[in-house]
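Scroll down for the structure; my scribbles are underneath it.
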Amino acid sequence: MHHRARQPIPPTCTAQHAAGRRNFLRGSALATLAAALGGPIPFADKLAPGLFPDALAQTVADLLPDKRGLRVLSDRPIVAETPVTLLDDDLTPIERHFVRNNGHVPERAEKRDLTGWSLTIDGEVDKPLKLTLAELQSQFPKVTRALVIECAGNGRAAFNPPASGNQWTLGGVGCANYTGVRLGDVLRRAGVKQSAVYIGYQSEDAHLSRAPGKHAISRGVPIAKALDEHTLLVWEMNGQPLPALHGWPLRLVCPGWPASTSGKWLTRIWVRDREHDGEKMTGHSYRMPKFPVAPGTKVEAADMAILEQLPVKSVITLPASGAEVPAAQSVLLRGHAWSGWGDVKAMHLSYDFGATWVAAKLSAPRNRFAWQRWSVELKLPTKGYYEVWARATDEKGFQQPMLVPGWNPEGYCNNAMHRIALKAV
Ligand SMILES: Nc1nc2c(c(=O)[nH]1)N[C@H]1C(S)=C(S)[C@@H](COP(=O)(O)O)O[C@H]1N2
Ligand SMILES: [Mo]
């Protein structure tokens, strides 16, 4: 992207959020920014992650014109999260759905050019397939499902010591309606061999370096998850063709698992006879220590295990933290809850720092792996400062922890309870 200064350098920058502790603009990125602003930024080390200098606010809107209100965490690659109050919709509208790119959006997607595109299914199959979009759309049963996808790093900003990577707060999650076919139906058409262990996806987005032949990301899931009826190949999001940013013409959705398994801009599903070893499958990527470690511990790669189901979690989308509400009167609170293990079974809130808990009304999911709406009317007894804590419990009995759970080197799976401040007046 190109930065254009449209206003003079502002004398100060106001922090929009204070969750991050480190400046994500370093070295050349900082120099580029300073050049765009026409001068150095004396307090650059105090610039919170995700905070763009006011003078460039217009440029951020240029970067993601269809995503107004999202917080840009990185512009190269593009990463943006949804402020939690903008997650209030039953289904996340496209303009409010977070974005996490690892490389460059393919030109094909920008231009909506299907020329030469097909999906290859090969590897450990009896009959490799090459399918056009029209063939995929006409030859398999069509399904529409509301599905949560969540970046495994959602919540990372709260880890201490900090984990490197995008400093997500709460908004690396969304639940949209996807239309496509079951990956399992397509794999069965190709005939999955006994030797199949894993699938790996390949996509058309160039690596950040633009090194030819190097994938930005190529992850996968064990064959059982690939064959699971909830794992889809989709071409529509909320009834529209997939937007360029979300993987046009075709993406995977592996609900409940790290969203990095939901490959965008697909060209190939490679059925493997071993654990897939593509870009960001190995080393520390999307892996957690096999046993608890003290914060800050350096963990050997051999002691890390691939992340699978994401833990139970919830958000309070209404009211906003810091809101003033009437004392001793009913106040409506609501949000969503979800779990990588299946249904959420209970939702509780506390406004006395966890001493007592109130059960919220919890709706059934539209389908498995959709998030569930919860709502509750609370009466804050007197004037004063309150905190509301929200805790979901899933069908396996897992509950959200009060504190940030198990520190891990890459800062994954923070499902601590969402807390908001309320001032009763
Ligand atoms: N081809 C490709 N697929 C991808 C990615 C990517 O960079 N390239 N990012 C992954 C990651 S890390 C996440 S969190 C989700 C984000 O999906 P979204 O941008 O549609 O919200 O896409 C996943 N699929
Ligand atoms: Mo992600």
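These values consider heavy atoms only, across backbone and side chains, with no hydrogens, waters or symmetry-generated copies. First listed ligand is number 1; within each ligand, the first listed atom is number 1. Quick caveat: nothing in here was measured; it's all calculated off a predicted structure.
- The heavy atom nearest to atom 17 (O) of ligand 1, out of those in Arg100, Glu279, Arg251, Arg219, is found in Arg251.
- Interface of His97 with ligand 1, defined as ligand atoms under 4.0 Å from a residue heavy atom, comprises 21 (O).
- Residues Arg156 and Glu81 are not paired through a salt bridge, judged by the lack of any N-O separation under 4.0 Å between the basic side chain and the carboxylate.
- Near Asn101, the atoms of ligand 1 lying under 4.0 angstrom from a non-hydrogen atom of the residue are 7 (O).
- Annotation for ligand 1: atoms under 4.0 Å from non-hydrogen atoms of Gly263 are 3 (N), 24 (N).
- No side-chain N or O of His336 forms a donor-acceptor pair with one of Thr317 less than 3.5 Å apart.
- Residue, atom and distance of the protein heavy atom nearest to atom 5 (C) of ligand 1 are Asn102 ND2, 3.7 Å.
- Distances from ligand 1 to the non-hydrogen atoms of Ser262 include at least one value under 4.0 Å.
- Protein heavy atom in closest approach to atom 8 (N) of ligand 1: Asp205 OD2, 2.6 Å.
- The main-chain N or O of Pro83 is never found under 3.5 Å from a side-chain atom of Arg71 such that the two would form a donor-acceptor pair.
- Aromatic ring centroids of Trp357 and His348 lie 6.0 Å or more apart.
- A distance-only check finds no donor-acceptor pair linking the side chain of Glu95 to the backbone of Asp66 [under 3.5 Å].
- Counting heavy atoms under 4.0 Å from ligand 1, residue Pro258 does not touch it at all.
- The proximity of Trp265 to ligand 1, defined as any non-hydrogen pair under 4.0 Å, is limited to the side chain.
- Taking the charged nitrogens against the carboxylate oxygens, Lys225 and Asp228 have no contact shorter than 4.0 Å, which rules out a salt bridge.
- At a 4.0 Å heavy-atom cut-off, ligand 1 touches Tyr286 through the side chain alone.
- Checking Ser285, Cys254, Ala259 against atom 14 (S) of ligand 1, the nearest heavy atom belongs to Ala259.
- Here the rule is salt bridge (charged side-chain N to carboxylate O under 4.0 Å, His left out) with Asp122, and of Arg272, Arg268, Lys130, Lys127 only Arg268 fits it.
- The proximity of Ser260 to ligand 1, defined as any non-hydrogen pair under 4.0 Å, involves the side chain as well as the backbone.
- A donor atom on one side chain and an acceptor atom on the other are not found under 3.5 Å apart for Trp117 and Glu204.
- Considering only non-hydrogen atoms, atom 4 (C) of ligand 1 lies nearest to Lys264 out of Glu204, Glu81, Lys264, Met237.
- Side-chain contact between Gln309 and Phe398: absent, with no pair of heavy atoms (C-beta onward) separated by less than 4.5 Å.
- Close approach to Cys151 involves these atoms of ligand 1, each under 4.0 Å from a residue heavy atom: 14 (S).
- Here the heavy atom of the protein found nearest to atom 21 (O) of ligand 1 is Phe98 O, 2.7 Å.
- With salt bridges taken as basic N to acidic carboxylate O contacts below 4.0 Å, none links Glu229 and Arg368.
- By the 4.0 Å N-to-carboxylate-O rule, Asp88 lies close enough to Arg373 to be salt-bridged with it.
- The distance from ligand 1 to the heavy atoms of Ser203 drops below 4.0 Å at these ligand atoms: 1 (N).
- When heavy-atom distances to ligand 1 are checked against a 4.0 Å cut-off, Ile149 comes that close only through its side chain, counted from C-beta outward.
- Contacts between Ile217 and ligand 1, counted as non-hydrogen atom pairs separated by less than 4.0 Å, involve the side chain only.
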